[in-house]
Structure formats: structure tokens, C-alpha cells
Amino acid sequence: MFSMIPTATLQRVPSITPLFSPTRPFLHCHWHPPMGMKTRKHCFIPMSSSYQVGGTSQSVQQEQGGDDDNTSHYEALFKGGEQVTSVLQEMITLLEHMDMDEASEEVAVELAAQGVIGKRVDQMESGFMMALDYMIQLAEKDEDDKRKSLLEVIKEVVLSHLTKKCPPHVQVIGLLCRTPHKESRQELLRRVAAGGGVFKSENGTKVHLPGANLNDIANQADDLLETMETRPVIPDRKLLARLVLIREEARNMMGGGILDERNDRGFNTLPESEVNFLTKLVALKPGKTVQEMIKNVMQGKDEGADNSEGEEGDSSSEKFSGGIAGRSSVTGRRPLPVRPGMFLETVSKVLGGIYAGNSSGITAQHLEWVHQKTLQILQEIAFS
């Protein structure tokens, strides 16, 4: 059932006999070696591991060279693959003694995953999620829906256990990241702010919601956004969009909305890239052209395109002439691209200044329109 990574470099894991017949192939799954892994010191690991709330898991893609780094990633993937295999072996042992039909199969698999992972979650290898994501990626490539479904059940159970170990407001962010509809997120926030409790979901299952402070939720989402947006390259724009939505919706639900004084915790100096882009938008009439400009930037195009020179960058390429309103940059260094979270923060700061000066008018209406359209675009990006 499993063929492990090449025997020339790794020990072979005992094969697992398929549990189900062709009519019940839910657990039929293969673990193929990553292409290019020929030696321990020269390997390329093309895997994808999405961010998770309260953690630092991210898309990993190492270039050839740097033998030590490649070897450590290779070993982490191997150990994680062994552990995934062990989890599957134990799940199969549990399921062999269950009398079930196709209708109850998925429920049985989830129960088995809960039982096996629950007692192992504290001993998970750092490469477990990497190996799991790599297997899911292969299943998608092979168009094997049964294999992908099984692996995704395991992943969801692991993330669920890890989330429960986090503070309440972090748990809520994890739930919100998996809630695609705006109305459902708002209802979830209302119940959490009211103290939480046990509620019935749409599919009839019971969901336990912790009590959490809206301000803590917004601040945690903002902290995660800052970590992601200050990098030269954004590895996961869907997650970024979800975190922006969570921060804005939590802030909007507080007494003063986005202009609540508790939200005044961001930057004191407006960022150059965001101010330049906002200046361009305000100079144009609201409409499809402006909406398309916002959409492109939120997707990482035009002014929102990631810097290609990487984190260190070439000192000669750090010079940048595009400061505020076309003037020279204050720092003399190339600013980061326009980021969704920083952009909406800039819009809110400018709006706050306008309302504080009692000079609201066409400009304020325009900014409100920009804010609203940006959120709509981010909703599409986050859950498309």
C-alpha cells in the first residue's frame, strides 16, 4: 500500500495490505518519493504546506545548493512520512474490526483518526505536516479523490488538536479561517463575544465555541498579518485575505467600528506604497476601473507584486525613487509592495483623520467605497 522513498538512502517501510475491497477503496493510498531526491545531500523537495493559525508552517521550496539545509529538510520529510505511515497503519488496525458499510465509512475513518492522533499529537515530528501536504499534493496530481479525502481527514484532525491547545482568541481565528460565509463569521463572532458555549451547526453536529474578546481576536489577526506582510514574498494569499477579513470584521463589530479607539495600535507613519496607491485611487472616479486596480493589487499584481530580490536583496537594488506622491523615498530604500492588510489600515487611518476634523465629504465617501470594495475582493480571493 505504501512504497517509501528510495531504498538507496532510506530504509523501506513495511507495506500495508489494502483494507478495503474495490467497492470500499477509501483507505487505498500511496506515498511516492519526491522527484529529484537521489542522494541525501543533493535533493529538491517540491512540497506545499499551508500556514496554520498559531503556528509558522509555510510553503517550503528549497533550491539546489546549501547541502546542510537540503539534508535537514530531507530528513524532516522522511521522519514525517514515517509517522504518517504509522498513523495510517494504526487506523487500519482499528478499522479492520469495525463492521461498516459505505455510508458509515467516512464517519468511522474520522473516529479512527481522532483516536490515533489524539494520543500522538504531542509527539508529532516537525516534518509530519510537510509529508502530509506532499501526499495530498500527489493525490491531487493523480486525481485520486479517495486518497486525498483520507489524508485531508488526518490533516483536519491534527489541526483541530493543535488549535485546542491555543488560547481562546487563537482558536476562534482558526474557526473563522474555515468559515467561508461572511454572515456565518459574524454570527460566530457574536456568540464568541457573548461567552461562547455549545451550539448546533448546519449539518447537525455540536460545535463548542470558546469565549473570547473581540479586541484580542482583531489584535491577534493583526499580529499574524504583520508577520506575513513584512516579508518580501507572500507565500499564501488566501490565508492573508482571510486574516484581513477576520481583523476587519472583528474591529467592525466593536462599539466604534473600524474607527474605535481600541483599533489605534497600528503604524504611526503611513507606509509609502499604500499612500501612493491610495492617492491614485482617490484621483479617479469610483467605478470598474478603480475596482480592477484594487483587485490586481490584492492578487499580488502591479503595485502589489512581490519584490523579486528576496529577503536580503542586493544593496544596489534597494534604492527606489517612488516615495510619497512621486517624491524621493524618505528612507532611500525600496519600500515593500502594497499589502492588503496595510492598505486597509491606511484607508482607516485616513478616514479617521477626516472624521476627526469634521471635514467629511466626497473624499470620505470615496474612501468608504474603496474600503467596501476591497473587502469584497478579499472575500473572493479568500474562499474562491
Side-chain angles (χ1 to χ4, degrees), residues 47-62 69 73 76 126-127 129-130 133 158-159 162-163 165-179 185 212-251 258 262-274 277 297-300 303-313 318 331 333-349 374-375 378-379 381-383:
M47 71 191 70
S48 173
S49 179
S50 59
Y51 274 89
Q52 61 193 38
V53 174
T56 57
S57 180
Q58 66 188 50
S59 296
V60 179
Q61 197 171 32
Q62 292 287 346
D69 288 343
H73 279 291
S126 60
M129 296 301 290
M130 288 196 299
D133 279 325
V158 172
L159 292 178
L162 292 174
T163 301
K165 295 178 177 291
C166 297
H169 57 278
V170 177
Q171 293 182 40
V172 172
I173 290 177
L175 291 169
L176 291 168
C177 278
R178 300 192 295 273
T179 307
R185 290 196 301 273
N213 184 283
L214 289 174
N215 196 38
D216 290 340
I217 295 169
N219 289 348
Q220 181 67 59
D222 193 47
D223 289 340
L224 293 168
L225 279 172
E226 184 180 359
T227 300
M228 294 181 70
E229 293 192 330
T230 50
R231 296 181 178 181
V233 177
I234 301 294
D236 191 339
R237 288 194 172 269
K238 281 184 178 289
L239 177 62
L240 185 73
R242 292 177 189 186
L243 289 171
V244 175
L245 291 172
I246 291 168
R247 184 191 69 183
E248 297 299 312
E249 288 168 3
R251 286 180 173 180
I258 61 172
R262 289 170 290 181
N263 296 329
D264 191 19
R265 69 185 294 269
F267 40 77
N268 295 318
T269 303
L270 298 179
E272 295 175 17
S273 301
E274 281 72 9
F277 183 56
V297 169
M298 295 301 109
Q299 290 177 335
E303 290 93 337
D306 290 329
N307 288 338
S308 58
E309 61 266 21
E311 205 158 336
E312 295 298 325
E318 287 180 348
T331 62
R333 299 167 72 88
R334 178 170 183 159
L336 286 167
V338 176
R339 299 304 198 197
M342 288 187 183
F343 176 68
L344 282 176
E345 185 88 359
T346 301
V347 174
S348 297
K349 294 281 186 185
T374 303
L375 289 176
L378 290 173
Q379 172 69 27
I381 294 172
F383 297 101

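Everything numeric in this text was worked out from a predicted model, so none of it was measured.
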Output for pair (R242 CZ, R237 CZ), nearest 0.5 Å, gives 15.0 Å
Residues passing the side chain to side chain donor-acceptor pair (under 3.5 Å) test with R339, sequence neighbours excluded, are D306
Distance col, row L245:CG vs L240:CG, nearest 0.5 angstrom, shows 10.0 Å
- Task: Look at the side chain of S273 and the backbone N and O of P337, then say whether any donor-acceptor pair between them is shorter than 3.5 Å.
- Result: no
Closest non-hydrogen contact found for I173 with A221 is CD1-N, 3.6 Å
Does Q299 have more than 12 heavy atoms from other residues, nucleotides or ligands lying within 6.0 Å of its CD?
yes
Is there a side chain to side chain contact (heavy atoms under 4.5 Å, CB included) between E274 and L336? Walk through the geometry before answering. CA-CA 9 Å; E274 281 72 9; L336 286 167; over 6 Å; no
Between the CE atom in M228 and the CG atom in D236, the distance rounded to the nearest 0.5 Å is 5.5 Å
Review point. Taking the side chain from R247 and the backbone from D222, do they hold a donor-acceptor pair closer than 3.5 Å?
Key: no
Interatomic distance, CD@Q220 vs CG@L243, rounded to 0.5 Å, equals 9.5 Å
Output for pair (L225 CG, L239 CG), nearest 0.5 Å, gives 8.5 Å
Across all chains, not counting sequence neighbours, the side chain to side chain donor-acceptor pair (under 3.5 Å) partners of E229 are none
The reported gap from CG in L344 to OG1 in T374 (rounded to nearest 0.5 angstrom) is 5.0 Å
Sequence neighbours excluded, the answer for side-chain contact (heavy atoms from CB on, under 4.5 Å) partners of T179 is S184, R185, L188
Tightest non-hydrogen contact, residues V338 and F343, listed as CG1-CB, 4.1 Å
